[in-house]
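What follows is a single structure, written as structure tokens, with notes after it.
Remember, it's a predicted structure, so these values are computed and weren't measured experimentally. Labels below follow one simple rule: chain letters A, B, ... track the order of the sequence lines, proteins then strands, and each chain is numbered from 1.
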There are 2 protein chains.
Amino acid sequence: MPTRLKDLAKETGYSVSTISRALLGYKDVNAETRRRIVKAAQKHDYYPYQSARQLRAGKTYIIGFLIPTYGLRFSDPFFIELLTGIGDGAAAKNYDVLVGTSPEGEGELEAYKRIVAGGRVDGVVITRTKEDDKRVDYLLKVHTPFVLLGRVFNKPNVPYIDIDSKNGIKLLTEHLLKLGHRKIGFITSPEELVFSRYRNEGYREALKKYGIKYDASIVKIGDLTQETGRKLATELFRQKNRPSAVVCANDLTALGVYSAAHQVGLEIGSDISISGYDGISLAENAHPPLTTIQVPIYEVGIKLFNMLYKLLNNEPLENKQILLPPQPIYRNSTGPPRKADGH
Amino acid sequence: MPTRLKDLAKETGYSVSTISRALLGYKDVNAETRRRIVKAAQKHDYYPYQSARQLRAGKTYIIGFLIPTYGLRFSDPFFIELLTGIGDGAAAKNYDVLVGTSPEGEGELEAYKRIVAGGRVDGVVITRTKEDDKRVDYLLKVHTPFVLLGRVFNKPNVPYIDIDSKNGIKLLTEHLLKLGHRKIGFITSPEELVFSRYRNEGYREALKKYGIKYDASIVKIGDLTQETGRKLATELFRQKNRPSAVVCANDLTALGVYSAAHQVGLEIGSDISISGYDGISLAENAHPPLTTIQVPIYEVGIKLFNMLYKLLNNEPLENKQILLPPQPIYRNSTGPPRKADGH
DNA sequence: CCATACTCCTAAAACGTTTTTGTTATATTA
DNA sequence: TAATATAACAAAAACGTTTTAGGAGTATGG
């Protein structure tokens, strides 16, 4: 039904190869010929059939992106913003994005194999890197190009973008310390994630700088979901050594802490200070607006695609490993503690 | 680098066509032969090269889904949950999902043309249908199968799933009326969206049933984002005829109203009642939990894919047009008004 | 023993594009 | 005028899969 080169050949009287060459801008095509061919192509809304182009070129012009999910439905708005960036970057270069979901655990690697095997995609964007990440090992083995959002260990040469989350969390924690908080809780992320290590370090370093002892009883390991944030914060708020501030590994967790705070009647920003991480739009529009590290998620998405694009087209990649400085945004979810607790 | 039929042919001594037929389960292949071939295929991790398969079959085994965005980054978590459903449904049938973003306005149709032209996808899932939807016209014209989340007008035979949002909003509004509210605001969605019409009708019908006059001054047209929800609610709360309850077109808008309420010191569920629509997980984990219509988003995503799958494979579609009854969930964001206002 | 049926395999074509190589006709140069 | 360069087009191959058509060999039946 759709128009093919063959049809244009029949209509214009030129050969298929001339049609193709004319449309692709080859020089040895007569100007008048090209005009006629272009006109016919426009008339019939010609668009090259991708499957054929892909087979011929050995490329799909598609990249893969898997959204991490917890359970069936829960995911982080962070990934839509990222996906939007990746998608818009891709569209600008006439690439497409194949999206799937990747469950935590065993299924994750399978999900990646599924889109990589059979050459469904030319390359992959990977997020939430793990210490010793099987996906990276696999992609290296099968020679599929990829870029990471986040670092990995023991792989010195892989391309990535990461936020310096050690210093990010450190800044936020110091901010709370400067405000006078001395008992600062921390809801962190699963241990296997690389950024957990950095964020934990940032938290500890800030405490150390202010001579405060690390107190494991007010540090909880969450899973980056709002629901778990709420549950763990509820626990924290029930403890006798209730913290006056809570640092969270991401915004979604922080919003869970908001719920818990509301529930027990704590006023956010005075009774309890809360900080997030990521800078999703929900953080900005929460009340009070959430103190957080503003990651330029959309722009990072575009940049990730552009890095991958260069890898795929053998263009030189000047900055293969990019570590972005944290941009803290101090909003009203953090303030001085209601009554200064002992120091 | 990856293994191809040719390689397996060389290794086993059979022809390419026999290899293919053996792996595809054709009956006229000797059992022992098949065993050997399967073994070799497994040994080399053979997976058919999709571009070739696609070209040969005239199908991509890919469906398209475009996420509506407002501005650069803002989108609704609703669409991740939906995408997760679509993606999982697709993966179960060895289909993939090509995802892009579609801006509001002129660019939208272009975004659809982009993935449909050139046969990038076999079919499309469309959301947020408009009255007189150009996308539907286009897809019908180029004979690309599609399914809708939402109805359209003047196209009696197109396949869709929709929630009965007239009755959904009606139920919520009636719930508020029963609680004693008489001044009920409404933050609705852009007029061109089909579901706006239904939701508006539901609101009006409920009022009428209780003999309350429609008051345009407490009805605002939003854009389904949290930010606009917050802004419009702030307006509402500043008015002298401040409503005691606000019905919202979706959960995200309702969460914006939460922010506005917090900001002016209104207690949600008593000073001000708020209802949403969709049942995203943020609604459940907000405080207080949001009264809303629980759309089984993930399941709808799966079902949408399965409908499209049947269309693509010429299987009979028993229920071509599905209208799901609304499932209201009454939570603590709605309660009786603080002091009964005149009735 | 011939004809027929059955089993198991292979050759070849096709999908539509891009690119390499070649060909023809015309123009240029010696 | 003959040799050579140039311009403009076309033929053909290739990408890897699936499927159609058919062929060789063996078994079955009369």
Side-chain angles (χ1 to χ4, degrees), chain A residues 1-38 40-41 44-62 94 96 116-122 142 313, chain B residues 1-38 40-41 44-62 94 96 116-122 142 313:
Chain A
M1 209 61 166
T3 305
R4 298 285 161 248
L5 288 180
K6 203 195 319 178
D7 307 313
L8 296 180
K10 209 165 293 174
E11 170 145 337
T12 61
Y14 294 102
S15 73
V16 164
S17 52
T18 296
I19 307 279
S20 174
R21 296 169 59 80
L23 294 175
L24 289 174
Y26 277 69
K27 304 286 282 295
D28 59 347
V29 174
N30 182 276
E32 172 59 17
T33 304
R34 190 193 307 278
R35 205 191 54 74
R36 275 200 282 256
I37 290 174
V38 167
H44 290 93
D45 256 333
Y46 171 76
Y47 204 94
Y49 191 63
Q50 297 302 306
S51 297
R53 212 166 82 91
Q54 291 171 17
L55 176 59
R56 164 71 218 210
K59 301 176 177 190
T60 60
Y61 308 100
I62 298 176
N94 207 21
D96 289 302
V116 169
R120 285 179 157 93
V121 299
D122 293 341
V142 299
N313 294 280
Chain B
M1 208 62 164
T3 305
R4 297 287 161 246
L5 288 180
K6 202 195 319 180
D7 306 313
L8 296 180
K10 210 166 290 176
E11 170 145 338
T12 60
Y14 295 102
S15 73
V16 164
S17 52
T18 297
I19 307 281
S20 174
R21 297 168 59 79
L23 294 175
L24 289 174
Y26 277 68
K27 304 287 281 297
D28 58 348
V29 174
N30 182 277
E32 172 61 15
T33 304
R34 191 195 307 278
R35 206 192 53 73
R36 276 200 282 257
I37 289 174
V38 167
H44 291 92
D45 256 332
Y46 171 76
Y47 204 94
Y49 190 63
Q50 297 302 307
S51 298
R53 212 166 82 92
Q54 291 171 17
L55 177 59
R56 165 70 219 209
K59 301 176 177 191
T60 60
Y61 308 99
I62 299 176
N94 206 23
D96 289 302
V116 168
R120 285 179 158 94
V121 300
D122 293 342
V142 299
N313 294 279

message: Heavy atoms from C-beta onward define the side chain here; which of dT18(D), dA11(D), dT18(C) lies closest to that of S17(A)?
response: dA11(D)

First encountered from the 5' end of DNA chain D, between G13(A) and R21(B): G13(A)

- prompt: Counting just side-chain N and O atoms, does Y26(A) come under 4.0 Å of either OP1 or OP2 of dA8(D)?
  reply: no

Minimum heavy-atom distance between A40(B) and E11(B), given as atom pair plus value: CB-OE2, 4.3 Å

message: Nearest to the V16(A) side chain among dT18(D), dC9(C), dT17(C), which nucleotide is it?
response: dT17(C)

field: Sugar-phosphate, base or nothing in reach of S51(A), heavy atoms under 4.0 Å
entry: nothing

- prompt: R4(A) has a side chain; which of dG16(C), dG16(D), dC9(D) sits nearest to it?
  reply: dG16(C)

query: Can you find a side chain N or O atom of S15(A) that sits less than 4.0 Å from OP1 or OP2 on dA10(D)?
result: yes

Nearest to side-chain heavy atoms of L5(B), which nucleotide of dC9(D), dT18(C), dT18(D): dT18(D)

task: Map K27(B) and A52(B) onto DNA chain C by nearest heavy atom, then report which one ends up closer to the 5' terminus.
output: K27(B)

- request: Classify the side chain of D28(B) and the base of dC9(C) as holding, or not holding, a donor-acceptor pair under 3.5 Å.
  value: yes

task: Describe the nucleic acid contact of G119(A) in one word from base, sugar-phosphate, nothing, applying a heavy-atom distance below 4.0 Å.
output: nothing

query: If only side-chain N and O atoms of T33(A) are considered, is one of them under 4.0 Å from the OP1 or OP2 phosphate oxygen of dC9(D)?
result: yes

message: Using the side-chain heavy atoms of R56(A), tell me which of these nucleotides is nearest: dT19(C), dA8(D), dT19(D).
response: dT19(C)

